[in-house]
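Bear in mind the structure is a predicted one, so any value in this text is a computation, not a measurement. Just so you know, residue 1 is the first one in the sequence shown, and it goes up from there.
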Amino acid sequence: MNADLLVVLLLLGIAIVMFAINRPRVDAVALLAMVALPFTGIVTINEAIAGFANPNIVLIAAMFVVGEALARAGVARRIGDWLVTRGGDQPWRQLALLMLCAGLLGAFMSSTGIVAMFIPVVMRIAIRTRTAPSQLMMPMAYAALISGMLTLVATSPNLIINYELVRHGAEGFSFFSFTPFGVPILLLSILYMHFARRQLPQGNTDDGMAHPRPKMKKWVKRYQLADREHRARIRPDSPLVGEMLGDLGLLSQVGVRLILVERGTGRERRLLTRSPDLRFEAGDIVLLDLDLPPFEVTEMYERYKVDPLPNTGRYFIDRANTVGMVEVILPEDSRFVQKTVAEAELIGESDLKIIGVRRGKVARKPFNLREVALKVGDTLLLVGPWRTIRQLQKESNDLVVLNLPREFDEIMPAGSKAPFAIFTLVAVVVMMATGIVPNVHAALIGCLMMGLFKCINLEQAYRSIQMKSLIMIVGMLPFAIALERTGGVDLAAQALIGLTANTGIYSMLALLFFITVLLGIFVSGTANAVLMIPVALAVAGELQASPYPFAMIVALACSSSFMTPIAPVNSLVATAGNYSFADFLRIGLPLTLIVMIISILMVPWVFPL
């Protein structure tokens, strides 16, 4: 082992530790790696940033846009309606249809995006059929992970592995090369989950989950909001008169959230939603959510010279035609993670305000929420105009809608671009499968078609591209080059061959699968693929065997993160399903073994050595 290899391994070890503890963010770690590696002299700066010109990075970005357009077009809602209708009251049928839909749609979208889309679908099924969401959330998440085993574009690791194959002189995988493995794995996982879900939590029948969709008054009770509702009339001598809302800093300085302003009386009465340029007038009635203990409320009224009005204790429920509520979950890549509630509201710049925080079943006390630090998987209760809540369903980059109240159905508009989005998706798949144009070209055509059909606009398309993921991929690619040049890849390949000497090809594939899955507990699937594919190809070279079976084993293992709630897909359902780490380990370990056995038996048969 030479000095250069030791330096590369040290940098790689530091990166893996940072990935594992998520400090700093994964994209920041990747940028640090991109900057640090050229100082070693092993790779040049041009090589370190060459990933930005990689066609697969463009392809991944384009598929993010296509997936976002599918979500915005209402495809998930239509699938949910169909599942509720077709699933009936039979748990086995519900489970099978849900996992099939999540798996098949996930063959063309990111697994995290699929889970974000299907959480509301699962909640609707649970509400309609009075089934505990815990019985469906984990199976749905596992189906989304397995969807990465169905097509070439289903997940980023597949594209990274295919790129390395081509870079090493192979032709690469075709669009449906993964399908012979993914289909039987998906079907067997459905059968497995039919029996295994009996081991999942049975009793998480919280209000609004296993019962019909809750009325907002249930949330008022659960989050203890009754004492936070306040209405006050602005007096002519109030310092608020003539001031603009954006200049006052009511939330950051005082803990006051303005929900609505009533202006005028009788037929002239209007309801004004909050905006930074809203200017107060004498006589305005303000509807407030106060993040203050009761003893501080009187002092606040006196300071701003407003007259309190009688408190109904219904927390704006009598204005449900204008003001709504929604429960959301924080995904891993949300901008709000590790921010306080106050910081999150400033970043979000939305009409929606955080009025409740829940971790697991227990809601926090409803006062002094401003200082609460938000974590991945937290459930937040938001309040604001229905139009903004409706828009939130479509724009879920930072927040995933978990549950909506019954009042939402009464005001939700109809209309959908789903047929156009599905037509575009079919066109993209046909172009990729037939090879009429390169995959990246087909994906870009799909983006333009989605825009033409108004399924998504340019601003929404740009926001849908997960730059955090792309930066992470680009930043990890130079490690593969550095490990190859310093002999690290060859050393790992020789060690792998030595461990499985005289035991046959199946034991070698099993060990490669095991190591990939083990590494996947600490790093993302994409980083895992970047690190493991050079080793797999080096093993194939040492044995003078076809690279395809070794590459496929790594790809399948990268999509097998069933055992830990740390994986982004699993973290989204951990709170919604009230799962513990032990639940993922108990259910995920046998499924991982099943996938490993199927992979080891089938891969050499489909791709002969």
Practice prompt. Would you indicate whether the side-chain heavy atoms of I161 and F173 approach each other to under 4.5 Å?
Written response: yes
Discussion item. Quick one: does any side-chain atom of S334 pair with a main-chain N or O of L330 as donor and acceptor, under 3.5 Å?
Written reply: no
Item to complete: For the residue pair V489 and L537, establish whether any side-chain heavy-atom pair is separated by less than 4.5 Å.
Response: no
Worksheet entry | Shortest non-hydrogen contact between T434 and I436, atoms and distance | OG1-CG1, 3.0 Å
Worksheet item: Between Y579 (side chain) and S134 (backbone), is there a donor-acceptor pair under 3.5 Å?
Response: yes
Worksheet entry | Spatial distance of atom CD1 (I57) from atom CG (L470) [nearest 0.5 Å] | 6.0 Å
Worksheet item: Charged N to carboxylate O under 4.0 angstrom, D378 versus K375?
Response: no
Worksheet item: Side chain of H168, backbone of E164: donor and acceptor closer than 3.5 Å?
Response: yes
Worksheet item: Would a 4.5 Å heavy-atom cut-off, applied to side chains only, mark M563 and I587 as touching?
Response: no
Item to complete: Mind running side chain to side chain contact (heavy atoms under 4.5 Å, CB included) on N528 and T516 for me, showing each step along the way?
Response: CA-CA 7 Å; N528 201 0; T516 305; 3.5 Å; yes
Worksheet item: If you round to the nearest 0.5 Å, how far is CD1 of I465 from CD of E68?
Response: 10.5 Å
Fill in: Minimal non-hydrogen separation, M149 against V595, with atom names
CE-CG1, 3.9 Å
Worksheet item: I553 versus L509: any side-chain heavy-atom pair under 4.5 Å?
Response: yes
Practice prompt. Please confirm whether the backbone N or O of Q199 pairs with a side-chain atom of R586, one donor and one acceptor, at under 3.5 Å?
Written response: yes
Worksheet item: Should L59 and V153 be marked as a side chain to side chain contact (heavy atoms under 4.5 Å, CB included) after you check the CA-CA gap, both sets of side-chain angles, and the distance that decides it?
Response: CA-CA 8 Å; L59 174 57; V153 299; 4.2 Å; yes
Item to complete: Would you check if S599 and M552 make a side-chain contact, meaning some heavy-atom pair closer than 4.5 Å?
Response: no
Practice prompt. Kindly indicate, with the supporting measurements, whether the criterion side chain to side chain contact (heavy atoms under 4.5 Å, CB included) is fulfilled by L593 and M596.
Written response: CA-CA 5 Å; L593 295 175; M596 183 174 71; 4.0 Å; yes
Discussion item. Testing the basics here: between N158 and T151, what is the closest heavy-atom pair and its distance to 0.1 Å?
Written reply: ND2-O, 3.0 Å
Discussion item. Under the criterion side chain to side chain contact (heavy atoms under 4.5 Å, CB included), I'd like the reasoning laid out for L477 against V530: C-alpha separation, chi angles, the key distance, then a yes or no.
Written reply: CA-CA 6 Å; L477 287 174; V530 171; 4.1 Å; yes
Worksheet entry | Residue F52 excluded, over 12 heavy atoms near CZ under 6.0 Å | yes
Worksheet item: Counting only N and O atoms by type, is there a donor-acceptor contact under 3.5 Å from the side chain of T179 to the main-chain atoms of L150?
Response: yes
Worksheet item: Is there a side-chain contact between L11 and F479, using heavy atoms and a 4.5 Å cut-off?
Response: yes
Practice prompt. Enter the distance from M508:CE to L496:CG here, rounded to the nearest 0.5 Å.
Written response: 6.0 Å
Worksheet, complete the sentence: When rounded to the nearest 0.5 Å, the distance separating OG1 of T526 from CE of M472 is 4.5 Å
Fill in: Sub-4.5 Å side-chain heavy-atom contact between L100 and L187
yes
Worksheet item: Is the number of heavy atoms from other residues, nucleotides or ligands under 6.0 Å of H194 NE2 greater than 12?
Response: yes
Discussion item. I need the minimum non-hydrogen distance between G446 and T424, along with the two atoms involved.
Written reply: O-CG2, 3.5 Å
Worksheet, complete the sentence: Nearest heavy-atom contact between V337 and P331 is CG2-O, 3.5 Å
Discussion item. Classify the ring geometry of Y548 against F607: parallel below 30°, tilted from 30° to 60°, perpendicular beyond 60°.
Written reply: parallel
Worksheet item: CD1 of I473 to CG of L159: how many Å apart, nearest 0.5 Å?
Response: 8.0 Å
Item to complete: Give the minimum heavy-atom separation between P547 and L165, together with the two atoms involved.
Response: CB-CD2, 3.8 Å
Discussion item. Just verifying a value: how many Å separate L145 CG and N570 CG, rounded to the nearest 0.5 Å?
Written reply: 5.5 Å
Worksheet item: Is the shortest heavy-atom distance from the side chain of I146 to the side chain of S189 under 4.5 Å?
Response: yes
